[in-house]
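These figures come from a predicted structure and were not determined experimentally.
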Amino acid sequence: MKFVFATNNKHKLQEVRDIMGSKAEILSMNDIGCNDDIPETADTLEGNALIKARYIYDKYKINCFADDTGLEVEALNGEPGIYSARYAGNSHDSEANMRKLLHNLTGEKNRNAQFRTVIALIINGEEILFNGIVKGTITEEKMGGSGFGYDPIFIPEGYSESFAQMSNDEKNRISHRFRATKQLCEYLETLQ
């Protein structure tokens, strides 16, 4: 099976390719000649994932999926949520986003948070949603140098190191994106 993953994020693309392995061939938007910046105008992760998947499916008539991921911090009423990539402005600056988040949590004892990924699959015109969640806490300062986004300040439940301190393989076995992608893989296996 062949699918387009509707993302311009190289990190996400590689992560999903690693997780899916040989279960499906994953094409990038670049692979199909799409360099469009698809606007994410919905007010939910589900809505944004569907916007991106529908854009690719409607324009190219190719089976595809898209994700939207948000870091939801309890003490900040679910912020940054759908604005995770643009929390500190439209430049998608991970360092600035982390600084703003840590600043907004200054003095806060409740550091509970969760990463949530929603994948919207469109296959032969049918839409299916998959949801992956990993709970954890926000650190006081950055820890580790690998990963991307908020990985250096997020420690998953049951672990003592941040996502950015883990190997890609270790992170990919427990992450929110892994959990949503695993559901996607299980669904695809029912089609064969």
Contact summary for [X] and [Y], nearest pair of heavy atoms:
X	Y	value
Met166	Tyr159	CE-CD2, 3.5 Å
Val134	Phe163	CG1-CZ, 4.0 Å
Thr139	Pro152	OG1-O, 3.9 Å
Glu40	Asn48	C-OD1, 3.2 Å
Tyr57	Gly125	OH-N, 3.0 Å
Ile32	Ile62	CG2-CD1, 3.9 Å

Tell me if a side-chain donor or acceptor on [X] pairs with a main-chain N or O of [Y] at a distance below 3.5 Å.
X	Y	result
Ser162	Phe154	no
Ser84	Gly81	yes
Arg111	Thr137	no
Asn172	Asp169	no
Gln183	Asn131	yes

* ring pair (Phe, Tyr, Trp, His ring centres under 6.0 Å) against His11, all qualifying residues, sequence neighbours excluded ->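 Here the qualifying residues are Phe148.
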* To do: Under the ring pair (Phe, Tyr, Trp, His ring centres under 6.0 Å) rule, collect the residues that match up with Tyr87, sequence neighbours excluded.
  =>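 In terms of ring pair (Phe, Tyr, Trp, His ring centres under 6.0 Å), with neighbours along the sequence ignored, Tyr87 is linked to no residue.
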Heavy-atom side-chain contact between [X] and [Y] under 4.5 Å:
X	Y	answer
Thr181	Met20	yes
Val16	Lys12	no
Ile26	Arg17	yes
Glu25	Phe3	no
Phe65	Phe130	no
Glu74	Gln114	no
Asp67	Val118	no
Ile119	Thr117	yes

Could you tell me whether [X] and [Y] make a salt bridge, using a distance below 4.0 angstrom between a side-chain N and a carboxylate O?
X	Y	result
Lys171	Asp151	yes
Arg54	Glu127	yes
Glu46	Arg116	yes
Arg173	Asp18	no

Side chains of [X] and [Y], donor plus acceptor under 3.5 Å:
X	Y	result
Asn104	Thr106	no
Asn97	Ser94	no
Arg177	Thr69	yes

Measure the [atom1]-[atom2] distance between [X] and [Y] for me, rounded to the nearest 0.5 Å.
X	Y	atom1	atom2	value
Ile138	Leu101	CD1	CG	5.5 Å
Lys59	Ile38	NZ	CD1	8.5 Å
Glu72	His176	CD	NE2	10.5 Å

Indicate if [X] and [Y] have the same hydrophobic cluster label, given that clusters are the connected sets of ILVMFWY residues with side-chain heavy-atom separations under 4.5 angstrom.
X	Y	answer
Ile82	Phe115	no
Ile122	Leu191	no
Tyr60	Ile51	yes
Leu102	Val73	yes

* To do: Could you pull out all residues at least two apart from Lys100 that satisfy salt bridge (Lys or Arg N to Asp or Glu O under 4.0 Å)?
  =>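 Residues passing salt bridge (Lys or Arg N to Asp or Glu O under 4.0 Å) with Lys100: none at all.
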